[in-house]
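Heads up, the thing below is written out as structure tokens.
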Protein chains: 2
Amino acid sequence: MWLIMLQLRDLPTQEVLQRFAQRYPAADVTAIASFLMLLRVATDLSVALDACLSKHDLLQGRWWVLILLMREADLTSTPSVLAEKLGVTRATMTGLLDGLEQGGLVQRISVPEDRRSVKIQLTAAGQAKLDAVMPDYYTRLRLCMRGLSEQQRNDLQAILGVIDHGMSAWDFNQ
Amino acid sequence: MWLIMLQLRDLPTQEVLQRFAQRYPAADVTAIASFLMLLRVATDLSVALDACLSKHDLLQGRWWVLILLMREADLTSTPSVLAEKLGVTRATMTGLLDGLEQGGLVQRISVPEDRRSVKIQLTAAGQAKLDAVMPDYYTRLRLCMRGLSEQQRNDLQAILGVIDHGMSAWDFNQ
DNA sequence: ACATTATAGTTAGCCAGCTAATTATGTCAA
DNA sequence: TTGACATAATTAGCTGGCTAACTATAATGT
């Protein structure tokens, strides 16, 4: 499953937040401000990533599939597993793989042991594409994060872990 | 402009990250790990938000429009301004407003001074919808963030600010 | 053994973003 | 004043997610 998130260019002022908190007593002002900023920065990062990938004729979904394949020792996986790891439906994965196979970046290989299943393998061209994209991506990401100390990087991951854990409370009734 | 981001259910192990870093010297392992976790948590939050809103028959885009209107003292704005604040195209805003107007949550009011423009106003029904949704949303958000100390909330916002600032480096050539 | 159920992948059609073009109106300079 | 340009909103058509339904194959239980 994919997420559609907006850019939220306009964060609320403290005064507006206070006004909302007055009308809605459940509001936790610092929680809201942190949440909105988190969404905004993440969205900006993803938009920037899209821009970077588009220069290499790639879309984010297909690029992630290539990366997932490269993570495997034998550069191979199956549509179902890839779909699960990427958080998309199997139907969506079929479309992603169609595009990648058409571009010669992956190939479908039939599996005799289980004729329902298909192996997906990163091709040499797929690896070459990653070798072209990843240094660009990593360089930008390094520059983007260069202002953060190791301490801050650890803090960030710890904080995100707490939020992630707290999110189980989101579905407190249903 | 909206962002499409995947759920990234499967973060790379330290061992995989090391292997990538060996092939691509530009890689900054802790930067990558922080980045991926940031994307994942933000995506999970947005998916959870979608689920919450859907119980009130709302989609995220339309809901943000209602909030933007409620932030205004006169509960009024224009399609162009709303589109800019939300980070979507004006064409997209037309569609969002069509849906909201059809549901009676906003109304279009013609502007005599500039006959090209239209005023968008939150209706009583729109305010009532927000009054139904916001306490639910704020309560969930509070629970979700309850594990974070005030210190951590400040740290998070500071860290996100640094990333946001560093992101100008993303487009270092184009 | 064979009917039922589960699983892998695909197809068909929907939905809400997007870009590009269109209409209408306002602004400004020669 | 009028021709060129700018701006506000909309429409038309594209794209890449999604769900639901389908085919084929495997596993299971009586």
Side-chain angles (χ1 to χ4, degrees), chain A residues 1-9 43 46-47 49-51 53-54 57-65 76-103 106-121, chain B residues 1-9 43 46-47 49-51 53-54 57-65 76-103 106-121:
Chain A
M1 186 194 306
W2 290 59
L3 152 70
I4 298 187
M5 191 192 299
L6 41 76
Q7 272 194 327
L8 280 176
R9 301 258 36 102
T43 305
S46 182
V47 170
L49 176 56
D50 282 336
L53 294 178
S54 76
D57 293 315
L58 272 178
L59 297 172
Q60 208 178 129
R62 293 179 187 175
W63 177 69
W64 287 116
V65 172
T76 294
S77 187
T78 68
S80 298
V81 171
L82 290 170
E84 169 131 11
K85 288 186 175 176
L86 203 53
V88 299
T89 63
R90 279 174 298 176
T92 297
M93 186 53 62
T94 296
L96 292 173
L97 294 173
D98 285 349
L100 287 168
E101 190 174 40
Q102 194 154 7
V106 307
Q107 57 183 328
R108 286 179 167 93
I109 301 172
S110 62
V111 177
E113 309 89 87
D114 184 343
R115 293 174 52 198
R116 294 170 304 180
S117 189
V118 178
K119 267 191 177 179
I120 305 297
Q121 186 166 42
Chain B
M1 184 195 306
W2 289 59
L3 152 69
I4 298 185
M5 191 191 298
L6 40 75
Q7 272 193 326
L8 279 175
R9 301 259 36 106
T43 305
S46 182
V47 170
L49 177 56
D50 281 337
L53 294 177
S54 76
D57 293 315
L58 272 177
L59 298 172
Q60 208 178 129
R62 293 179 187 174
W63 177 69
W64 287 116
V65 172
T76 295
S77 187
T78 68
S80 298
V81 170
L82 289 171
E84 169 130 12
K85 288 186 176 177
L86 202 53
V88 299
T89 64
R90 277 175 296 178
T92 297
M93 185 53 62
T94 295
L96 291 174
L97 294 173
D98 285 348
L100 287 168
E101 191 175 39
Q102 194 155 5
V106 307
Q107 57 183 330
R108 286 179 166 92
I109 301 172
S110 61
V111 178
E113 308 89 88
D114 184 344
R115 293 174 51 198
R116 292 171 304 179
S117 189
V118 178
K119 266 190 177 179
I120 305 296
Q121 186 166 41

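Computation of the quantities below employed the complete heavy-atom set of this structure, encompassing side-chain atoms and omitting hydrogens, waters and symmetry-equivalent molecules. First the proteins, then the strands, lettered A, B, ... as listed; each starts at 1.
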Whole-Å distance separating the [atom1] atom of [X] from the [atom2] atom of [N]:
X: E84(A); N: dT7(C); atom1: CD; atom2: C1'; value: 13 Å
X: D50(B); N: dT19(D); atom1: CG; atom2: C1'; value: 16 Å
X: W63(B); N: dA16(C); atom1: CH2; atom2: C1'; value: 18 Å
X: R90(B); N: dC18(C); atom1: CZ; atom2: P; value: 13 Å
X: L96(B); N: dC15(C); atom1: CG; atom2: P; value: 15 Å
X: L82(A); N: dT10(C); atom1: CG; atom2: C1'; value: 16 Å
X: L86(B); N: dC18(C); atom1: CG; atom2: C1'; value: 14 Å
X: M93(A); N: dG9(C); atom1: CE; atom2: P; value: 10 Å

Any side-chain N or O of [X] less than 4.0 Å from the OP1 or OP2 oxygen of [N]?
X: S80(A); N: dT7(C); value: no
X: T89(B); N: dC18(C); value: yes
X: S117(A); N: dG9(C); value: yes
X: R108(A); N: dT10(C); value: yes
X: T94(B); N: dA9(D); value: no

How far apart are the closest heavy atoms of [X] and [Y], and which atoms are they?
X: R108(A); Y: I120(A); result: CG-CD1, 3.6 Å
X: D50(A); Y: Q60(A); result: OD1-NE2, 2.8 Å
X: G61(B); Y: L96(B); result: C-CD2, 4.0 Å

**Study point:** Exercise: do T43(A) and S46(A) side chains pair donor with acceptor under 3.5 Å
**Key:**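 Absent: no donor and acceptor within the cut-off.
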Check your understanding: Of L59(A) and E113(A), whose nearest nucleotide on DNA chain D comes first from the 5' end?
Key ->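 Residue closer to the 5' terminus by nearest nucleotide: L59(A).
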Point to revise | 5' precedence on DNA chain C between D114(A) and D98(A) (nearest-nucleotide basis) | key: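 Comparing both residues, the 5'-ward one is D114(A).
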**Study point:** Heavy-atom donor-acceptor pair, R116(A) side-chain to dT7(C) base, under 3.5 Å
**Key:**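 Under the 3.5 Å cut-off, the side chain and the base do form a donor-acceptor pair.
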**Study point:** Candidates dG9(C), dA9(D), dT11(C) - which lies nearest the side chain of P79(A)
**Key:**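 In terms of side-chain proximity for P79(A), the closest of dG9(C), dA9(D), dT11(C) is dG9(C).
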Check your understanding: With a cut-off of 6.0 Å (strictly less than), are more than 12 heavy atoms of other residues, nucleotides or ligands near CD of E101(A)?
Key ->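 Counting neighbours around CD of E101(A), more than 12 heavy atoms of other residues, nucleotides or ligands fall under 6.0 Å, so yes.
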